[in-house]
Visitor: 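Below are the structure tokens for one structure; questions will follow.
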Amino acid sequence: MSETAVTPLASSALPLPSHRRGKVRDVYEVDADRLLIVATDRVSAFDVVMREAVPYKGAVLTQLTAWWLRRLEDDVRHHMISADADDIVAAVPALAPHRSTIAGRAMLCYRAEVFPVECVVRGYLSGSAWKEYKASGTLAGERLAPGLRESDRFDPPVFSPATKAETGHDENITVARMRDVVGEEAGAELERLTRLVYERGRALAAERGILIADTKLEFGMRFGNVLLVDEVLTPDSSRFWPVDSYRPGRAQPSFDKQPLRDYLAAEREAGRWNGEAPAPPLPAEVIAATSERYLDVFRRLTGDDLDLSELR
């Protein structure tokens, strides 16, 4: 890697009330109307957060999300106010001494009442969907066409919502069940917006050598409007495959934390890890390879290198 060495941000400590802390994001309350979302460099795999952090990961997630939102905002309302450190400090002066922490990694957002479902759309049969289909020929209990292979393309894409689990895995649910949870009208709008975002993203990514196999989105309600919230079409929320090596009938290589998953899978196979926390220590080369995957997908999608000048 040619990037200048940077100390990854494993945790943030800002002078704002904490709203919540997730596997990757530290969320702060700015006021009654706004939140500050900081994507740290924490990384998880197999539902376990690693002790080590991955350089540049948080900035890739934040800046790639901002890049997508700017391209979608003519058709999709969203929660982003700004992901620019100067703008954020101007809006929240208390953050001025912490500019190096927020630069690149933070997004100032409007608050929204988040719907309690993950909006998943699948363009290809993979992951948990393939596991269920292989066992029963169904997805969330609903029958799919017979004879499908792993990584086969869906046309049209399959909208496959899931519950939001506080711990462990999300659970796939039917569209009817989602509409029971959020209401008929809201459910229809969530599906429409999810399909719109995915189709727009899938078309652009394919031009740049990437297949977006699936993605999950979150939405919230603000003043009667549905907003796209959280991260959008990132390596953490989506499965990215290289176009040139796509072959249905098998698992595909991916543009994300595959080096990390491969290492952990090997440790588990060798009996050196039981698959639960704490995870085994990560070798420096695994951390570096994972970091480069994040930077590479940012570069491929946006056509630009991530601006590393302000990252510390």
Side-chain angles (χ1 to χ4, degrees), residues 6-45 47-69 78-114 116 118 164-168 170 216-218 220 227-232 234-237 256-257 260 277-279 282 287 290-291 294 298 306-308 310-312:
V6 64
T7 301
L9 182 72
S11 184
S12 64
L14 300 177
L16 297 171
S18 175
H19 183 69
R20 66 178 175 84
R21 176 185 165 107
K23 288 180 180 177
V24 173
R25 286 168 179 76
D26 296 342
V27 184
Y28 295 89
E29 298 178 357
V30 175
D31 53 31
D33 196 42
R34 298 174 297 172
L35 297 173
L36 185 77
I37 302 176
V38 180
T40 71
D41 296 322
R42 295 193 296 269
V43 63
S44 67
D47 289 321
V48 175
V49 179
M50 304 295 111
R51 286 173 286 191
E52 299 85 356
V54 173
Y56 311 113
K57 176 178 179 286
V60 167
L61 299 182
T62 296
Q63 296 306 317
L64 188 56
T65 292
W67 185 85
W68 281 116
L69 291 177
H78 60 73
H79 71 160
M80 181 176 72
I81 299 171
S82 180
D84 177 82
D86 289 336
D87 291 346
I88 294 171
V89 168
V92 191
L95 295 175
H98 304 271
R99 194 180 187 286
S100 63
T101 297
I102 67 172
R105 303 180 180 99
M107 182 180 290
L108 185 64
C109 303
Y110 291 114
R111 288 180 184 249
E113 189 68 32
V114 178
E118 300 274 8
K164 293 178 64 173
E166 291 299 323
T167 59
D170 296 338
K216 66 178 181 179
L217 302 171
E218 292 191 44
L227 303 187
L228 179 57
V229 303
D230 201 53
E231 62 185 315
V232 178
T234 73
D236 276 18
S237 66
D256 54 11
K257 44 194 172 188
L260 171 61
L282 301 181
I287 296 171
T290 304
S291 179
Y294 280 89
F298 182 91
L306 180 68
D307 182 3
L308 308 178
E310 293 190 321
L311 297 180
R312 297 288 185 268

Visitor: Val6 versus Leu308: any side-chain heavy-atom pair under 4.5 Å?
Guide: no
Visitor: Glu218: which residues meet the side chain to side chain donor-acceptor pair (under 3.5 Å) condition with it, sequence neighbours left out?
Guide: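 Glu218 satisfies side chain to side chain donor-acceptor pair (under 3.5 Å) with Lys164 once adjacent residues are dropped.
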Visitor: Kindly check if the number of other-residue, nucleotide or ligand heavy atoms within 6.0 Å of CD (Glu113) is above 12?
Guide: no
Visitor: Are the side chain of Arg111 and the backbone of Asp31 linked by a donor-acceptor contact shorter than 3.5 Å?
Guide: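 Judged by distance alone, yes, a pair lies under 3.5 Å.
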Visitor: Side chains of Leu9 and Val38: does their closest heavy-atom pair fall under 4.5 Å?
Guide: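 Yes. Closest side-chain heavy atoms under 4.5 Å.
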Visitor: Pick out which of Thr65, Leu64, Leu61 makes a side chain to side chain contact (heavy atoms under 4.5 Å, CB included) with Val232.
Guide: Thr65
Visitor: What heavy-atom pair brings Ile88 and Ala106 nearest, and what distance separates the two atoms?
Guide: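 Residues Ile88 and Ala106, closest heavy atoms: CD1-O, 3.5 Å.
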Visitor: Do the side chains of Arg21 and Arg42 get nearer than 4.5 Å, heavy atoms only?
Guide: yes
Visitor: Answer yes or no: is there a side-chain heavy-atom contact under 4.5 Å between Leu95 and Pro15?
Guide: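 The answer is yes, as the side chains (C-beta and beyond) meet within the 4.5 Å cut-off.
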Visitor: For the residue pair Ile37 and Cys109, what are the closest heavy atoms and their distance?
Guide: CD1-SG, 3.9 Å
Visitor: Show every salt bridge (Lys or Arg N to Asp or Glu O under 4.0 Å) that has at least one partner inside residues 49-66, sequence neighbours left out.
Guide: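 Qualifying pairs, neighbours excluded: Lys57-Asp236.
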Visitor: Could you walk me through whether Leu36 and Val92 pass side-chain contact (heavy atoms from CB on, under 4.5 Å), step by step?
Guide: CA-CA 10 Å; Leu36 185 77; Val92 191; 5.9 Å; no
Visitor: Give, for atom CH2 of Trp67 and atom OG1 of Thr234, the distance between the pair rounded to the nearest 0.5 Å.
Guide: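 Reported value, rounded in 0.5 Å steps: 13.0 Å.
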Visitor: Quick check: closest heavy atoms across Ile287 and Val54, and the distance to 0.1 Å?
Guide: O-CG1, 4.1 Å
Visitor: Working to the nearest 0.5 angstrom, can you tell me the gap between Arg34 CZ and His79 NE2?
Guide: 14.5 Å
Visitor: When you measure from the side chain of Thr40 to the backbone of Arg25, do you find a donor-acceptor pair of N or O atoms at a distance under 3.5 Å?
Guide: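 Side chain of Thr40 to backbone of Arg25: no pair is present.
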Visitor: With Thr62, which residues qualify under side chain to side chain donor-acceptor pair (under 3.5 Å), at least two apart?
Guide: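 By the side chain to side chain donor-acceptor pair (under 3.5 Å) rule, Thr62 matches no residue at all.
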Visitor: With sequence neighbours left out, write down each residue that passes side chain to side chain donor-acceptor pair (under 3.5 Å) with Ser12, or none if nothing qualifies.
Guide: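 For Ser12, the residues satisfying side chain to side chain donor-acceptor pair (under 3.5 Å) (neighbours in sequence not counted) are Asp26, Tyr28.
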Visitor: Kindly indicate whether the side chain of Val30, heavy atoms from C-beta on, has any atom under 4.5 Å from the side chain of Leu16.
Guide: yes
Visitor: Check Leu108 against Ala91 and note the closest heavy-atom contact, atom names and distance.
Guide: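 Of all heavy-atom pairs spanning Leu108 and Ala91, the closest is CD2-CB, 3.8 Å.
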Visitor: Using side-chain heavy atoms (C-beta onward) and a distance below 4.5 Å, is Arg105 in contact with Asp41?
Guide: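 Arg105 vs Asp41: side chains touch.
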Visitor: Compare every heavy atom of Ala53 with every heavy atom of Pro55, then report the nearest pair and how far apart it is.
Guide: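 Between these two residues, the closest heavy atoms are CD-O, 3.7 Å.
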Visitor: Name all residues meeting the side chain to side chain donor-acceptor pair (under 3.5 Å) criterion together with His78; count only those two or more places apart in sequence or in a different chain, and write none if there are none.
Guide: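 His78 satisfies side chain to side chain donor-acceptor pair (under 3.5 Å) with Glu73 once adjacent residues are dropped.
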Visitor: Any salt bridge between Lys23 and Asp47, counting N to O under 4.0 Å?
Guide: yes
Visitor: If you compare all heavy atoms of Ala66 against all heavy atoms of Met80, which two are closest, and at what distance to 0.1 Å?
Guide: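 In this case the closest contact between Ala66 and Met80 is CB-SD, 3.6 Å.
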Visitor: Using the salt bridge (Lys or Arg N to Asp or Glu O under 4.0 Å) rule, collect all pairs that involve residues 81-97, keeping only residues at least two apart or in two chains.
Guide: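 For residues 81-97, and leaving out neighbouring residues, the salt bridge (Lys or Arg N to Asp or Glu O under 4.0 Å) pairs sorted by first residue read Asp86-Arg99.
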Visitor: Looking at CE of Met107 and OG of Ser82, how far apart are the two atoms once the value is rounded to the nearest 0.5 Å?
Guide: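 If I round to the nearest 0.5 Å, the distance is 8.5 Å.
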